[in-house]
4 protein chains.
Amino acid sequence: MSATPTKTRTASTRAPSARRTGVREQAAQTTRDNILKAAIKVFARYGYEGGSVEKISKAAKSFDRMIYYYFGSKEGLFIEVLEEIYRRMNDAETALDIRLDTPVEALKAVVRFVSQYYRKHPEFVTLLNTENLHKGKHISKSLRAREYSSPAVSVIEQVLAAGVASKEFRADLRARDLYLLIASMGYFYQSNRYTLSAFLGEDIDQPEAVAHWDDFMIDTVLRTVRAA
Amino acid sequence: MSATPTKTRTASTRAPSARRTGVREQAAQTTRDNILKAAIKVFARYGYEGGSVEKISKAAKSFDRMIYYYFGSKEGLFIEVLEEIYRRMNDAETALDIRLDTPVEALKAVVRFVSQYYRKHPEFVTLLNTENLHKGKHISKSLRAREYSSPAVSVIEQVLAAGVASKEFRADLRARDLYLLIASMGYFYQSNRYTLSAFLGEDIDQPEAVAHWDDFMIDTVLRTVRAA
Amino acid sequence: MSATPTKTRTASTRAPSARRTGVREQAAQTTRDNILKAAIKVFARYGYEGGSVEKISKAAKSFDRMIYYYFGSKEGLFIEVLEEIYRRMNDAETALDIRLDTPVEALKAVVRFVSQYYRKHPEFVTLLNTENLHKGKHISKSLRAREYSSPAVSVIEQVLAAGVASKEFRADLRARDLYLLIASMGYFYQSNRYTLSAFLGEDIDQPEAVAHWDDFMIDTVLRTVRAA
Amino acid sequence: MSATPTKTRTASTRAPSARRTGVREQAAQTTRDNILKAAIKVFARYGYEGGSVEKISKAAKSFDRMIYYYFGSKEGLFIEVLEEIYRRMNDAETALDIRLDTPVEALKAVVRFVSQYYRKHPEFVTLLNTENLHKGKHISKSLRAREYSSPAVSVIEQVLAAGVASKEFRADLRARDLYLLIASMGYFYQSNRYTLSAFLGEDIDQPEAVAHWDDFMIDTVLRTVRAA
DNA sequence: CATGAATGAGCTTTCATTCAT
DNA sequence: CATGAATGAAAGCTCATTCAT
């Protein structure tokens with residue numbers, strides 16, 4: 001590893017200050033952003049080992065050296081990538097407008113959101129798989145990643161509470177479990193679609209198959225949640 | 001297992017001859033097996049790119065060259081690794097003794113089996129993730145992999161049919177969907193345990209957490225399956 | 001190099017005996033011949049370094065080991081390849097039926113033969129180039145190669161003498177020089193046809209171009225040879 | 001020579017920038033030149049396959065990596081080697097001072113130049129042979145190589161025209177053919193000197209033999225060219 | 001006679017990273 | 001701020017050859 005070990009934020013890696021940004025800072029910001037965006041694509045496609053520094057710098061139309069300038073190391077860049085994709089999902093979740101007065105519909109909306117998010121953001125799925133391959137060693141170095149978890153579960157918590165209040169949902173269900181159920185079904189279908197297609201002998205990416213799975217997800221979740 | 005080589009092997013990669021096995025043939029078989037076993041471990045731990053030929057040959061106490069001698073290329077080895085882990089799961093599934101006269105118990109047993117299999121064989125999970133990262137390019141080159149799918153789904157099919165016959169299970173459920181539900185919940189929990197632990201702020205590998213999830217899986221599956 | 005240095009013929013490399021050949025010997029002869037023929041093709045196409053033992057054994061539908069069995073080493077095989085192509089050219093030359101009573105026609109025939117031989121045997125040309133790249137180190141180890149030179153020059157010697165006798169050809173010309181002139185023109189055109197085509201901007205392999213060059217060769221040779 | 005880089009260079013291989021050359025740029029230029037010069041020697045001596053990247057980088061007192069930095073690949077380096085040797089010959093040819101008022105002497109000078117050039121630049125000969133072994137696949141990728149052909153032929157064209165004008169040379173002779181005749185005789189003698197020496201049983205590299213061949217070349221060319 | 005298995009050095013190329021302006 | 005140049009380790013793979021029946 002380098003002399004200055006990878007950290008969440010070091011003196012040598014520049015994060016453009018949040019205060020008034022001049023022309024200089026903006027150009028730097030652009031370079032930094034380009035690298036981060038390119039890194040998301042490249043790591044998502046090739047994994048951590050397969051995603052070489054050169055591939056990333058080329059995709060960002062920048063230079064290898066710039067990665068070290070802004071992120072300190074390949075590992076530092078990967079950590080920021082993870083933070084970024086968590087932030088993005090968190091942002092999307094926060095933007096969700098859930099009507100708690102109709103709990104069933106609200107829950108359906110949540111399921112649809114999760115399913116769609118994984119489908120539209122395959123990089124999120126492959127990056128998490130990559131990180132799990134590495135036993136979470138990068139995410140554990142990030143102070144920020146943790147912050148993004150609560151909203152995800154808490155949305156479900158609210159919906160669940162509303163449903164219990166209206167007696168549509170049963171009371172003995174943990175929001176965490178419900179969250180995991182929804183995530184499982186959405187994630188697995190997207191994450192393993194290549195081996196599943198080979199294994200099942202059908203292309204599970206076909207629109208009808210996808211729509212069918214979404215319906216099944218909703219049905220399963222509602223059966224799990226509904227009060228007896 | 002590999003005693004009956006029903007493989008489509010290219011002319012350039014050696015499969016120990018099927019005829020009377022002398023001392024040398026057996027030694028060769030051992031070398032080949034050692035490499036394959038080592039490859040499963042190494043690829044599972046480091047992924048495809050990270051799992052270098054040297055790491056594998058060292059773990060197998062053999063030489064790089066032997067990998068090319070027996071498997072033609074790193075890719076060829078990886079394909080056989082995938083075939084092997086599918087075969088192993090298939091074997092384990094086939095060994096399952098399911099009592100169809102008690103469908104509910106049978107279904108519970110299936111769920112427990114799947115959950116346990118993923119838990120006890122983390123290499124199966126990471127290898128499939130790796131293969132999905134590569135968009136299934138290796139599995140699609142294997143003629144054998146497909147053969148192993150039918151048993152997995154057909155066991156569930158039988159249990160489901162038995163439950164429908166006894167009127168315990170509803171009739172409008174596809175075995176494929178039920179299989180995917182069970183697999184989703186078992187797989188995701190194992191596959192993403194590192195990021196989930198960081199995300200949820202709890203170690204989901206703890207025995208109680210695992211047991212709780214198993215119960216929840218069974219409960220969810222039964223609620224999905226049960227006749228109104 | 002091996003412990004028993006490469007020689008023209010060693011105890012360890014088998015040359016099937018010339019006496020009564022049984023079935024066994026014939027099979028061996030075939031294997032040996034196949035290897036030799038394959039080696040000519042492979043060395044001619046890929047050069048000495050590029051022509052790997054494996055390429056040759058595969059082309060011969062045999063095994064690497066057989067090359068060592070019959071030829072001792074890669075170098076030993078290459079030496080026999082050189083001997084073989086010289087022998088072949090010698091045989092073709094010997095088969096030439098030259099009518100010495102018409103010296104001009106005889107000389108034309110010789111020129112055409114040389115030109116055609118190089119054209120029809122590109123492997124002869126590339127193999128000699130390869131050997132010259134290695135500064136003739138292999139041919140110098142061969143006792144046989146030298147035997148094949150005399151006929152080539154002596155045919156020209158005879159034609160030249162006949163022409164001098166009939167006063168059609170001048171007397172102050174060495175057969176060796178005439179041989180070299182003919183060989184030069186025929187060889188260079190074939191040997192360098194790729195770079196020449198690129199260099200001159202025309203495909204010198206076209207039939208008309210070839211015919212034109214043959215005519216020019218004959219014309220040049222006759223102008224060189226003819227008595228004032 | 002390489003001061004004016006008129007090259008078609010890919011984006012990934014570095015050509016020292018043309019702007020004001022600082023200390024560093026000059027050092028880089030030196031590294032590049034050292035590699036190119038070393039490559040000419042090594043490829044000329046060992047051929048393309050035999051000329052390993054390591055041999056070249058060592059001869060250049062640099063590193064393997066630098067070859068890829070500057071030339072992209074071994075093949076890219078070889079292409080530049082071919083371009084370089086063509087350029088060198090072209091430069092030498094351009095420097096030739098031919099007096100067209102004495103066509104016979106001018107032609108003799110050309111023949112002597114060609115003969116000497118091949119003799120003094122054996123690397124030119126072996127590199128072309130190597131390229132022809134590869135069927136011209138590298139030269140065909142070079143846009144530049146073609147540019148160097150015209151001068152070679154056009155010098156002869158001019159001499160031929162002058163001789164025709166003075167009625168010393170015959171008019172029905174193509175410059176291209178004359179060029180090929182001269183090149184053939186000069187090239188073949190140099191290219192095949194090892195096998196020829198073995199074949200003829202004399203060392204054709206001896207000064208007297210060389211001088212004799214030069215005389216014979218001139219004599220042959222003049223006989224071919226002279227007006228009846 | 002014939003051949004599968006083994007071996008270690010070597011190949012071209014790519015890797016993440018640091019140096020020196 | 002930015003970037004060309006340099007570096008050595010390691011990657012996947014092929015090499016000619018020998019071992020052991």
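Order of the sequence lines sets the chain letters (A, B, ...), proteins ahead of strands, with each chain counted from 1.
Proximity of a side-chain donor or acceptor of T126(A) to a complementary backbone N or O of A44(A) within less than 3.5 Å is detected.
We find that CZ of R32(C) is positioned 14 Å from P of dC1(E), with the value rounded to whole Å. Computed from coordinates, the F71(D) CZ to dA6(F) P distance equals 12 Å when rounded to whole Å. Between I67(D) atom CD1 and dG8(F) atom P there is a gap of 15 Å when expressed in whole angstrom units. Atom pair K58(D):NZ and dG8(F):C1' shows a separation of 13 Å (rounding to whole Å applied). For the pair Y68(B) OH and dG10(E) P, the computed distance is 18 Å after rounding to whole Å. Rounding to whole angstrom units, CD1 of residue I56(D) and P of dT12(E) are separated by 8 Å.
A search for side chain to side chain contact (heavy atoms under 4.5 Å, CB included) contacts involving E84(A) returns L36(A), I40(A), R87(A), R88(A), not counting sequence neighbours. With sequence neighbours left out, the salt bridge (charged side-chain N to carboxylate O under 4.0 Å, His left out) criterion links K141(D) to E75(D). Under the side chain to side chain contact (heavy atoms under 4.5 Å, CB included) criterion, E54(B) pairs with S52(B), K58(B), D64(B), not counting sequence neighbours. Applying the ring-ring contact (aromatic ring centres under 6.0 Å, His included) rule to Y48(C) yields the partners F43(C), F78(C), H134(C), H138(C); only residues at least two apart in sequence or on another chain are considered. For S140(B), the side chain to side chain contact (heavy atoms under 4.5 Å, CB included) criterion is met by no residue, not counting sequence neighbours. For A60(D), the side chain to side chain contact (heavy atoms under 4.5 Å, CB included) partners at least two apart in sequence or on another chain are N34(D), I35(D), A38(D), S62(D).
The side chain of F63(C) sits closest to dT3(E) out of dT17(E), dT13(E), dT3(E). Looking at the side chain of Y69(C), the nearest of the listed nucleotides dC1(E), dC13(F), dT7(E) is dC1(E).
OP1 or OP2 of dA6(F) sits under 4.0 Å from a side-chain N or O of T31(D). For Y70(B) and dA6(E), the shortest distance from a side-chain N or O to OP1 or OP2 is below 4.0 Å.
The pair R32(D)-E80(D) meets the salt-bridge criterion, since a charged nitrogen lies less than 4.0 angstrom from a carboxylate oxygen.
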- Message: Output the pairing pattern of DNA chain F as a dot-bracket string, 5' first, Watson-Crick or G-U wobble with both distances under 3.5 Å, | for cross-strand pairs, [ ] for crossing pairs.
- Response: .||||||||||||||||||||
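Residues G51(C) and M66(D) both approach DNA chain F. Their nearest nucleotides, taken by heavy-atom distance, put M66(D) toward the 5′ side.
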Produce the list of close N/O pairs, under 3.5 Å, pairing protein atoms with atoms of nucleotides 9-11 of chain F; give distances to one decimal.
from, atom 1, to, atom 2, distance (Å)
dA11(F), OP2, E54(B), OE1, 2.8

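The salt bridge (charged side-chain N to carboxylate O under 4.0 Å, His left out) analysis of residues 39-50 of chain A, with sequence neighbours excluded, yields no pairs.
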